Amino acid sequence: MRKRASIITGVIATLLASSAYAVETGKDIAFNRSKGNCLACHSMPTLPDAEQPGESGPPLIAMLARFPDRAVLRAKIWDATATNSGSFMPPMGKHQVLTEAEIDKVVDFLYGL
Amino acid sequence: MKKIAKQTYIALAGLSVLMGTVSASAGPEEDRLKLVAHFKNKFPDLKFDDYIYSALAFDPDAKAQYNSIMEFPPYTSELDKGAKLWKTPLKSGKTYADCLPNGGKMIAGNYPIFDDAKGKVVTLEDTINDCRVANGEEAYQIGDDKTLGLISAYMRTLSDGMKMNIKVEGAGALKAYEDGKRTFYGRVGQLNFSCGNCHVDNAGVRIRSELLSPVIGQATHWPAFRGGDKLTTLQERYKGCQYDVRHTPDKPGSTRYNNLEYFHSYLSNGLEMKASVFRK
């Protein structure tokens, strides 16, 4: 009985892990309301499916031109309050809203905007 | 002689402590006027009296929709239930109207009050409960929408048109106000938001499709009926916002929420009340 339960749990865990792995692109993480939720505050003018964006933060566009240094952009996402103590933007890395790996994916995604 | 000198010294010390407090934190009225000026500067076309509409004041279409819903509110039968509870005599034979100041009319804008004898903030819901206990009944659970919520939904309509008039007088009251202020402006939780981040700094701004309302005026129209007939008290709204931003909400009636309601309501002083309105 116990053995069966643990096999089932194992299968479910594998399924969850693999589906999460397959689904979670940088874009997904950025769009997901319970993850990055970047659209709550930023528009992404080059993406037609970035619908109903909020307007509190600047539009995320031309990232490569504006953030030639990847470390600077990553640091902004990791903790916007480090360079702007009053920033409204949640400190995605510092407060573990996103994992380090998720932040890397989001940064990759931003450079495509 | 020596005694007088000592007394003078004590008086002076007291005075400097007092002045210290005054300069360290501006009083409630300075806080309020500063916010009124902040919003006036940000939204020069928005009339002071229109802050009672919260986010609707920024969105003419939503406001028009609100106006038409308010002509035939979908929750009238809930208010009727509240009226019935309000009029039902308590065990002593007295009614709530007998027990409350001015028969319970045009008083809601004075609440919450700071009760010096009790040493704490007392909300209108607490006062209704005190009335029950004094007349042989048991207190209702704070946050029970089927009883206390309905009574307050009806009772507060008896103060429609009254201007909010919260008083912060004396050291205890100021302490409670300051505690509420800390809750309002403190950035907490995983997303690192304070109430003020949204309802002061970003008022009038859209988060996704939601327009953020300014803090002044927010306390004038509770309970609200959301999405049809879901009664929502002001403290339940606090809970909702805290839940949305991944804070740990309190139970309605906690000291923290009562102090927050005290501070928050003070900021709506001078604005007209209209209870039991529609909110989506």
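Because the structure is a prediction, the values reported are computed rather than measured. Every chain is numbered from 1 and lettered A, B, ... according to where its sequence line falls, protein lines coming before strand lines.
Residue contact with chain B, scored on non-hydrogen atoms closer than 4.5 Å, is absent for A:Ser43.
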- Can B:Tyr177 and B:Phe263 be said to form a ring pair (Phe, Tyr, Trp, His ring centres under 6.0 Å), step by step? CA-CA 5 Å; B:Tyr177 171 93; B:Phe263 165 79; 5.1 Å; yes

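For residues 201-211 of chain B, the interface with chain A (any heavy-atom pair closer than 4.5 Å) comprises B:Asn202, B:Gly204, B:Val205, B:Arg206, B:Ile207, B:Arg208, B:Ser209, sorted by residue number. Interface residues of residues 49-58 of chain A toward chain B, defined by a heavy-atom distance below 4.5 Å and sorted by number: A:Glu51, A:Gln52, A:Pro53, A:Gly54, A:Glu55, A:Ser56.
At a cut-off of 3.5 Å, with distance as the only test, no side-chain donor of B:His221 or B:Arg156 sits close to an acceptor on the other residue. The closest side-chain donor-acceptor pair between B:Gln235 and B:Glu261 falls under 3.5 angstrom. At a cut-off of 3.5 Å, with distance as the only test, a side-chain donor of B:Tyr266 or B:Glu29 sits close to an acceptor on the other residue. No side-chain donor from either of B:Gln242 and B:Asp250 sits under 3.5 Å from a side-chain acceptor of the other.
For NZ of A:Lys76, the number of neighbouring non-hydrogen atoms (other residues, nucleotides, ligands) closer than 6.0 Å is greater than 12. Within 6.0 Å of NZ in B:Lys42 there are more than 12 heavy atoms belonging to other residues, nucleotides or ligands. Around atom NZ of B:Lys40, no more than 12 heavy atoms belonging to other residues, nucleotides or ligands sit under 6.0 Å away.
In this structure a side-chain-to-backbone donor-acceptor pair under 3.5 Å is present from B:Asn269 to B:Ile166.
A side-chain hydrogen bond (donor to acceptor under 3.5 Å, both in side chains) with B:His264 holds for exactly one of B:Gln218, B:Lys181, B:His199; it is B:Gln218.
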